[in-house]
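Here the structure is laid out as structure tokens; the discussion comes afterwards.
What you are looking at is a predicted structure, and each value in this text was computed from that prediction instead of being measured. Computation of the quantities below employed the complete heavy-atom set of this structure, encompassing side-chain atoms and omitting hydrogens, waters and symmetry-equivalent molecules.
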Amino acid sequence: VVEPFLDDLSNWYLRRSRRRFWKSEHDADKNAAYDTLYRVLTTLCRLLAPLVPFFTDVMYQNLVRSVDPDAPESVHHDAWPQAALAAVDESLLTQMALARQLVTVGHSARNSANVKLRQPLARALVHLEADAGTLDAGLIDLVRDELNVKQVAFVEELGELVSYRALPDNKLLGPRFGARFPALRAALAAQDPLAVVRRVRAGLPVRLDVEGEEVELAPAEVLVQELPREGLAVASERGVTVAVDVVITPELAAEGLAREVVRRVQNLRKE
């Protein structure tokens with residue numbers, strides 16, 4: 001439980017809040033970021049005290065006793081942390097989980113086209129299944145920033161992102177139909193691919209006319225191929241599909257080059 005939490009803290013919250021920590025002005029936003037991090041670390045310290053007693057006591061002396069001499073002398077003299085259930089915002093947690101899923105799927109789409117994250121792209125197109133949830137404007141901006149795209153847009157139909165091809169499973173249907181298998185394949189190819197896919201994914205059989213005989217194929221006997229629309233790279237996961245526009249205009253290429261220069265200069269500064 002602690003390990004994934006630390007991953008969330010370092011690779012998501014701290015990384016996303018870097019500008020809040022680095023900015024020169026000590027405004028309410030910067031103070032809130034520091035306060036959140038401080039509360040997380042001191043709570044985690046008390047939570048882990050029974051498991052790693054010496055390490056957590058060093059953390060406690062540095063974080064707590066150094067600024068509050070009236071605090072208990074050791075973390076092991078302090079109270080066990082209690083969950084503040086009234087502060088839990090389930091709606092926000094659900095939306096953030098969806099936002100992070102969109103980012104993960106979007107990164108997969110970029111990787112499938114071998115486009116580096118430093119290269120800005122024009123847009124990301126998102127299709128969500130009916131029960132996937134929604135995002136408010138602030139989290140959409142977060143997704144846009146994480147995917148390094150100029151625009152995030154939502155589409156109603158998955159067919160706007162991919163085209164489909166339905167194929168009979170050779171291993172299952174070849175022995176069953178024998179010499180009639182080519183006719184079966186042709187009959188399946190003549191169907192509306194989207195209609196076939198909808199039936200297969202709904203667990204319904206697909207009915208075909210093969211040489212004047214009506215045959216019924218089980219969903220497991222039909223293979224579905226998703227082909228990205230031209231100019232898009234697409235990835236899907238658990239009701240979420242993200243397509244990124246991989247057409248790189250000269251303006252986008254120049255912006256990507258500028259980011260690459262900055263990255264190399266920063267590496268030279270570190271060295």
Side-chain angles (χ1 to χ4, degrees), residues 1-23 27-52 56 59-60 63-64 75 78-110 117 123-149 151-158 160-161 201-203 234-244:
V1 175
V2 173
E3 187 173 353
F5 173 77
L6 288 174
D7 183 66
D8 287 348
L9 176 66
S10 59
N11 292 326
W12 188 257
Y13 178 74
L14 290 178
R15 183 176 59 79
R16 288 294 314 168
S17 301
R18 281 181 298 192
R19 294 184 185 277
R20 302 171 70 194
F21 293 120
W22 290 348
K23 60 184 177 181
D27 57 9
D29 179 60
K30 182 172 185 174
N31 290 334
Y34 276 124
D35 182 63
T36 298
L37 180 58
Y38 185 79
R39 287 173 181 268
V40 167
L41 291 177
T42 53
T43 302
L44 186 64
C45 179
R46 290 185 289 150
L47 184 68
L48 292 179
L51 304 177
V52 277
T56 51
M59 285 182 61
Y60 180 84
L63 292 173
V64 180
V75 67
D78 207 343
W80 181 261
Q82 300 295 318
L85 298 179
V88 175
D89 186 336
E90 292 292 348
S91 175
L92 181 58
L93 289 173
T94 301
Q95 286 200 61
M96 182 58 80
L98 176 59
R100 295 186 64 179
Q101 185 183 3
L102 289 179
V103 169
T104 299
V105 176
H107 285 168
S108 295
R110 292 184 67 117
L117 190 56
R123 58 181 180 157
L125 304 175
V126 178
H127 175 268
L128 301 176
E129 297 293 343
D131 59 348
T134 58
L135 293 181
D136 63 25
L139 291 181
I140 292 174
D141 288 341
L142 182 150
V143 171
R144 177 179 53 78
D145 186 47
E146 282 287 311
L147 294 182
N148 194 14
V149 295
Q151 176 192 16
V152 173
F154 291 82
V155 300
E156 294 292 332
E157 293 293 334
L158 188 55
E160 297 182 49
L161 308 182
R201 291 184 171 173
V234 182
S236 300
E237 178 190 273
R238 302 194 317 271
V240 169
T241 301
V242 179
V244 291

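With hydrogens and angles ignored, the 3.5 Å screen pairs no side-chain donor or acceptor of Glu146 with any backbone N or O of Leu102. The backbone N or O of Glu156 sits less than 3.5 Å from a side-chain atom of His127, completing a donor-acceptor pair. Put simply, the side chain of Tyr38 gets close to the backbone of Leu63: a donor and an acceptor are under 3.5 Å apart. Side-chain N or O atoms of Thr241 include none that pairs as donor or acceptor with a backbone N or O of Glu237 at under 3.5 Å. Panel note: side chain Arg123, backbone Ala153; no donor-acceptor pair is recorded below 3.5 Å. Judged by distance alone, with hydrogens and angles left aside, the side-chain atoms of Asp136 form a donor-acceptor pair with the main-chain N or O of Leu139 at under 3.5 Å.
Taking the centre and axis of the six-membered ring of Trp80, the NZ or CZ atom of Arg46 falls outside the cone set by 45° and 6.0 Å.
Considering only heavy atoms from C-beta on, Thr94 stays 4.5 Å or farther from Leu98 through its side chain.
Note that the CD atom of Gln95 and the CG atom of Leu142 stand 11.5 Å from one another [nearest 0.5 Å]. The CG atom of Leu9 sits 4.5 Å away from the CG atom of Leu14 when rounded to the nearest 0.5 Å. Here the OG1-CG distance, from Thr56 to Leu47, works out to 10.0 Å after rounding to the nearest 0.5 Å. Between the CZ atom in Phe5 and the OH atom in Tyr13 there is a gap of 10.5 Å [rounded to 0.5 Å]. Taken to the nearest 0.5 Å, the CD1 atom of Ile140 stands 8.5 Å off from the OG1 atom of Thr134. To the nearest 0.5 Å, the span separating CG on Asp8 from CD on Glu3 amounts to 11.0 Å.
The local environment of CZ in Arg15 is crowded, with over 12 non-hydrogen atoms from other residues, nucleotides or ligands closer than 6.0 Å.
Using a 4.0 Å cut-off between a side-chain N of Lys or Arg and a carboxylate O of Asp or Glu, Asp27 and Lys30 do not qualify as a salt bridge.
Across every non-hydrogen atom of Val244 and Gly106, the tightest pair is CG1-O, 4.4 Å.
The one candidate from Asp35, Thr42, Thr43, Thr36 that meets the side chain to side chain donor-acceptor pair (under 3.5 Å) condition with Arg39 is Asp35.
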